[in-house]
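Right, one structure below, let's go through it.
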Number of protein chains: 4
Amino acid sequence: MSTRDRIIKSAVNLFMQQGVAKTTTKQIAASAAVAEGSIYRYFPSKDGLAWQVFKEYHQHIAVQLQQSVSQDINLEEKIHSLVSCFLKMADEDWLMFSYYLTSQHTHMKSVTEDMLTPYQVLTEVVEQGISTGGIKNIEANVITAMVMGAVHQIVINKIYSRIKGDLYVHRKLISKTIAAMVRIEACHYE
Amino acid sequence: MSTRDRIIKSAVNLFMQQGVAKTTTKQIAASAAVAEGSIYRYFPSKDGLAWQVFKEYHQHIAVQLQQSVSQDINLEEKIHSLVSCFLKMADEDWLMFSYYLTSQHTHMKSVTEDMLTPYQVLTEVVEQGISTGGIKNIEANVITAMVMGAVHQIVINKIYSRIKGDLYVHRKLISKTIAAMVRIEACHYE
Amino acid sequence: MSTRDRIIKSAVNLFMQQGVAKTTTKQIAASAAVAEGSIYRYFPSKDGLAWQVFKEYHQHIAVQLQQSVSQDINLEEKIHSLVSCFLKMADEDWLMFSYYLTSQHTHMKSVTEDMLTPYQVLTEVVEQGISTGGIKNIEANVITAMVMGAVHQIVINKIYSRIKGDLYVHRKLISKTIAAMVRIEACHYE
Amino acid sequence: MSTRDRIIKSAVNLFMQQGVAKTTTKQIAASAAVAEGSIYRYFPSKDGLAWQVFKEYHQHIAVQLQQSVSQDINLEEKIHSLVSCFLKMADEDWLMFSYYLTSQHTHMKSVTEDMLTPYQVLTEVVEQGISTGGIKNIEANVITAMVMGAVHQIVINKIYSRIKGDLYVHRKLISKTIAAMVRIEACHYE
DNA sequence: GATGAATGAGCTTTCATTCAT
DNA sequence: AATGAATGAAAGCTCATTCAT
């Protein structure tokens with residue numbers, strides 16, 4: 001494990017336990033068994049470290065999601081692929097995944113238009129669904145939000161210990177539920 | 001507006017813009033037009049202020065949600081009441097509401113069993129639905145998570161400017177979608 | 001007990017336990033059952049209170065000591081009177097007395113020439129002893145220091161719990177010891 | 001001179017002039033020509049610094065006193081050794097010595113049983129004197145207090161400018177006086 | 001005389017960052 | 001590449017003091 005990776009792992013671990021602000025560079029250095037100064041050879045600052053780690057993983061997730069649906073044609077298949085991919089990633093690197101989810105609010109302002117995001121991948125799938133007629137409801141942003149939230153909260157509730165064990169086992173139920181969500185027809189506002 | 005309320009409003013405003021850690025007591029005091037020391041007459045510390053405000057509003061939401069469903073018998077009615085109440089509260093006090101949602105991760109560890117939470121209110125409604133047969137799926141915790149997440153994300157995406165305008169207008173679509181979610185039957189795991 | 005006296009008693013009590021610096025006006029007010037602001041009706045400041053109380057008691061001791069020897073002619077009688085008076089005062093108002101002794105270092109710089117001090121009273125007795133021939137040693141300041149220190153330390157060691165119980169019972173032994181001290185002849189420095 | 005020693009010297013100097021409470025860490029840092037933060041690399045806090053310096057010197061004195069009498073057999077010799085050692089130390093490092101004496105009241109509560117103290121060394125000498133018959137009076141704690149006080153006050157009165165110049169020159173007179181003190185026979189209390 | 005909320009200067013302490021080694 | 005002592009800006013917080021009631 002490289003020095004850089006040791007720093008990342010130690011940092012994310014501490015960030016999750018205490019938050020970025022309450023985590024000191026001294027703690028990170030001690031946990032990674034490097035000198036405090038060494039952090040600055042790989043990252044511009046503590047906040048820069050927090051951001052860079054978020055950004056890399058954020059984009060990693062987006063790429064994985066995009067690849068997971070690349071072969072699918074059918075909407076239901078796409079949903080299943082996305083959900084499965086998402087849950088598998090959460091199970092496989094729980095530390096990074098939970099850090100990604102809980103630190104979103106902090107970093108979202110810094111996400112620029114040119115970056116590929118999970119939200120964009122999902123939006124694209126939904127919009128394709130609308131254009132091909134599989135999705136009747138035309139309020140894409142509301143649907144997309146609800147779908148994304150539904151899956152996110154599964155992970156968040158595991159962080160809060162309201163759900164235990166691997167999440168991948170729930171992929172069918174979750175996919176089915178989401179399939180039902182997108183099938184809803186548009187409402188006429190009174 | 002009392003000194004305490006001025007402090008709360010100024011603090012939450014700054015917390016939302018910069019996060020708790022990056023907000024200084026000096027800023028809060030200046031914004032509330034009180035002396036820095038006055039913060040400590042009403043709150044034990046900056047973090048204590050952040051927690052207390054979260055806690056009060058968290059419980060306020062729970063109570064409002066509980067009241068909103070108290071008259072309903074039908075499951076669909078309950079869902080509609082909860083969704084409407086939730087969205088109305090978000091629209092009415094957007095500042096507090098968005099602070100509540102974005103600071104959840106920080107404060108959830110400190111929530112004790114004896115506190116009434118929105119999650120509890122929703123869980124109760126879902127479990128009643130299961131026991132009365134309206135909900136077929138018996139994985140209450142997964143359903144509850146997805147439902148909660150779906151509604152939360154609506155608000156979060158407004159914070160991220162992915163959704164614009166009042167949220168209350170979407171109550172019918174959201175309620176209908178959630179009604180569809182809970183109607184899903186249980187899956188048999190392979 | 002007047003408000004002023006309640007403040008003094010509470011303050012001195014706290015000063016002894018924690019030192020003047022670590023004692024807050026809030027504590028004094030709470031202990032004296034008055035409002036914080038009321039302290040300032042009787043004293044100019046916290047440090048002013050500490051000083052004023054010291055000064056009053058310091059002079060009170062000096063006056064008592066002076067009176068105690070006013071009738072005595074014989075040197076041994078004078079020593080016995082001073083010692084007895086000193087010990088009796090310590091026993092009678094232990095709180096004030098121990099405050100006086102332990103806070104001396106802090107306040108000594110502020111003692112002006114015109115104030116009557118215990119040290120002056122003792123010096124006078126010693127110098128009379130020298131001039132009447134009862135004391136052979138002419139290094140008055142060294143003798144006086146040693147005599148004063150011998151008696152002081154009795155009280156200090158009670159503060160440190162190295163001596164227990166009333167001090168007045170030791171008056172004979174102490175007087176006798178001091179009588180022996182002043183009887184020492186001068187040394188010729190090599 | 002090491003960073004730590006520069007901090008100690010500057011701190012003690014300021015503590016003597018103004019007291020610990022009125023001395024700021026800024027002043028210490030400026031006087032020692034180090035950054036404020038550097039104080040905390042060597043000491044846990046300002047009070048911790050005050051205590052640690054006291055403790056080290058307190059124990060240093062105790063060790064020196066113990067060594068000074070280690071070769072002596074005769075009681076009078078012991079007294080002379082202790083007095084000479086004590087006065088020499090005062091003359092040699094006046095700053096530390098006067099800090100030690102004036103800050104005793106503050107720190108005495110924190111002295112634990114396992115620490116070697118000057119008081120213990122003196123007590124041992126007195127008790128040996130009693131057991132070997134050189135000291136008739138069996139109230140060891142009263143004698144010890146008086147002897148200790150007599151020598152302390154010499155130093156204190158120099159702090160108060162009541163005595164000028166080196167103290168070591170007075171060693172013969174002081175030793176002789178103390179020898180007379182311990183020779184006093186016990187009193188029968190009426 | 002008494003109160004105690006409000007003040008704000010100034011304190012101790014922390015800690016991200018630098019840089020000589 | 002790695003170190004960790006030194007830095008010093010800036011933070012949270014305290015608390016003596018004031019003053020309208």
Side-chain angles (χ1 to χ4, degrees), chain A residues 2-4 6-7 20-30 32-50, chain B residues 2-4 6-7 20-30 32-50, chain C residues 2-4 6-7 20-30 32-50, chain D residues 2-4 6-7 20-30 32-50:
Chain A
S2 72
T3 302
R4 187 177 189 275
R6 283 214 315 283
I7 292 171
V20 173
K22 293 250 180 298
T23 298
T24 66
T25 51
K26 210 179 205 76
Q27 289 177 317
I28 298 171
V34 297
E36 256 183 294
S38 298
I39 296 169
Y40 294 86
R41 185 160 295 278
Y42 299 99
F43 302 97
S45 67
K46 190 182 76 164
D47 286 347
L49 161 59
Chain B
S2 72
T3 302
R4 188 175 188 276
R6 285 215 311 285
I7 292 169
V20 174
K22 293 247 182 300
T23 299
T24 68
T25 51
K26 260 195 173 58
Q27 288 177 318
I28 298 170
V34 298
E36 240 179 309
S38 296
I39 296 171
Y40 295 87
R41 179 165 295 281
Y42 298 99
F43 303 98
S45 65
K46 191 182 72 166
D47 286 348
L49 161 58
Chain C
S2 71
T3 301
R4 188 177 189 276
R6 283 214 314 285
I7 292 171
V20 173
K22 292 249 179 300
T23 299
T24 66
T25 51
K26 207 177 207 78
Q27 289 177 316
I28 298 170
V34 298
E36 255 182 294
S38 298
I39 297 169
Y40 294 86
R41 186 161 293 279
Y42 298 99
F43 302 97
S45 68
K46 189 182 77 163
D47 286 348
L49 161 59
Chain D
S2 73
T3 302
R4 188 175 188 275
R6 285 215 311 285
I7 292 170
V20 174
K22 292 246 181 301
T23 299
T24 68
T25 50
K26 252 195 175 57
Q27 289 177 318
I28 297 170
V34 297
E36 244 179 308
S38 295
I39 297 170
Y40 295 86
R41 180 165 293 280
Y42 299 99
F43 303 97
S45 66
K46 191 181 73 166
D47 286 349
L49 161 59

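None of these values were measured; they are calculated from a predicted model. Numbered from 1 within each chain, the chains take letters A, B, ... in sequence-line order.
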- [ ] Hey, could you give me the OG1/CZ distance between D:Thr3 and D:Arg41, rounded to the nearest 0.5 Å?
- [x] 10.0 Å

Open item on the list: Distance check needed: E:dT17 C1' versus D:Arg41 CZ, whole Å only.
Closed with: 13 Å

- [ ] Write down the distance between CD (C:Glu36) and P (F:dT14), rounded to a whole number of angstrom.
- [x] 14 Å

Open item on the list: Quick one, A:Leu49 with A:Val20, criterion side-chain contact (heavy atoms from CB on, under 4.5 Å). Give me CA distance, side-chain angles, the key distance, then yes/no.
Closed with: CA-CA 10 Å; A:Leu49 161 59; A:Val20 173; over 6 Å; no

- [ ] Round to the nearest Å and state the distance from A:Asp47 atom CG to E:dA16 atom P.
- [x] 9 Å

Open item on the list: Please report the distance, rounded to the nearest Å, between NZ in B:Lys26 and C1' in E:dG8.
Closed with: 9 Å

Task: Nearest-nucleotide comparison on DNA chain F, the residue closer to the 5′ end among C:Thr23 and B:Thr23 - done: B:Thr23

Task: B:Thr3 side chain near E:dA6 phosphate (N/O to OP1/OP2, under 4.0 Å) - done: yes

Task: Nearest-Å distance for atom pair NZ/C1', residues D:Lys22 and F:dC15 - done: 12 Å

Open item on the list: Within the 4.5 Å heavy-atom criterion, are A:Ile7 and A:Arg4 side-chain neighbours or not?
Closed with: no

Open item on the list: Using heavy-atom distances to pick each residue's nearest nucleotide on DNA chain E, tell me which of D:Ser45 and C:Ala35 is more 5'.
Closed with: C:Ala35

Open item on the list: Can you tell me which nucleotide in F:dT3, F:dT14, E:dT12 comes closest to the side chain of B:Tyr40?
Closed with: F:dT14

Open item on the list: Applying a 4.0 Å non-hydrogen cut-off, can you work out what C:Ser2 is touching in the nucleic acid: base, sugar-phosphate, or nothing?
Closed with: nothing

Task: Integer-rounded Å distance: F:dG12 C1' and B:Tyr42 OH - done: 19 Å

Open item on the list: If I take atom CZ in residue A:Phe43 and atom C1' in nucleotide E:dA16, what distance separates them, rounded to the nearest angstrom?
Closed with: 16 Å

Task: Rounded distance (nearest 0.5 Å) linking atom OG1 of C:Thr25 with atom CZ of C:Phe43 - done: 13.5 Å

- [ ] Could you check how far CD1 of D:Ile39 sits from P of F:dA5, rounded to whole Å?
- [x] 17 Å

Task: Pairing partner (Watson-Crick or G-U wobble, both distances under 3.5 angstrom) of E:dT12 - done: F:dA11

Open item on the list: Quick check: on DNA chain E, is the nucleotide nearest C:Ser38 upstream (toward 5') of the one nearest D:Lys46, or the reverse? Name the residue that is more 5'.
Closed with: C:Ser38

Task: Partner nucleotide of E:dA20 by Watson-Crick or wobble geometry (both distances under 3.5 Å) - done: F:dT3

Task: Derivation and outcome, side-chain contact (heavy atoms from CB on, under 4.5 Å), residues B:Asp47 and A:Lys22 - done: CA-CA 11 Å; B:Asp47 286 348; A:Lys22 293 250 180 298; 2.8 Å; yes

Open item on the list: Reading DNA chain F from 5' onward, which residue's closest nucleotide shows up sooner: C:Thr24 or D:Val34?
Closed with: D:Val34

TODO: Determine the contact category for C:Thr25: base if any of its heavy atoms lies under 4.0 Å from a base atom, sugar-phosphate if only primed atoms, P, OP1 or OP2 are that close, otherwise nothing.
DONE: base

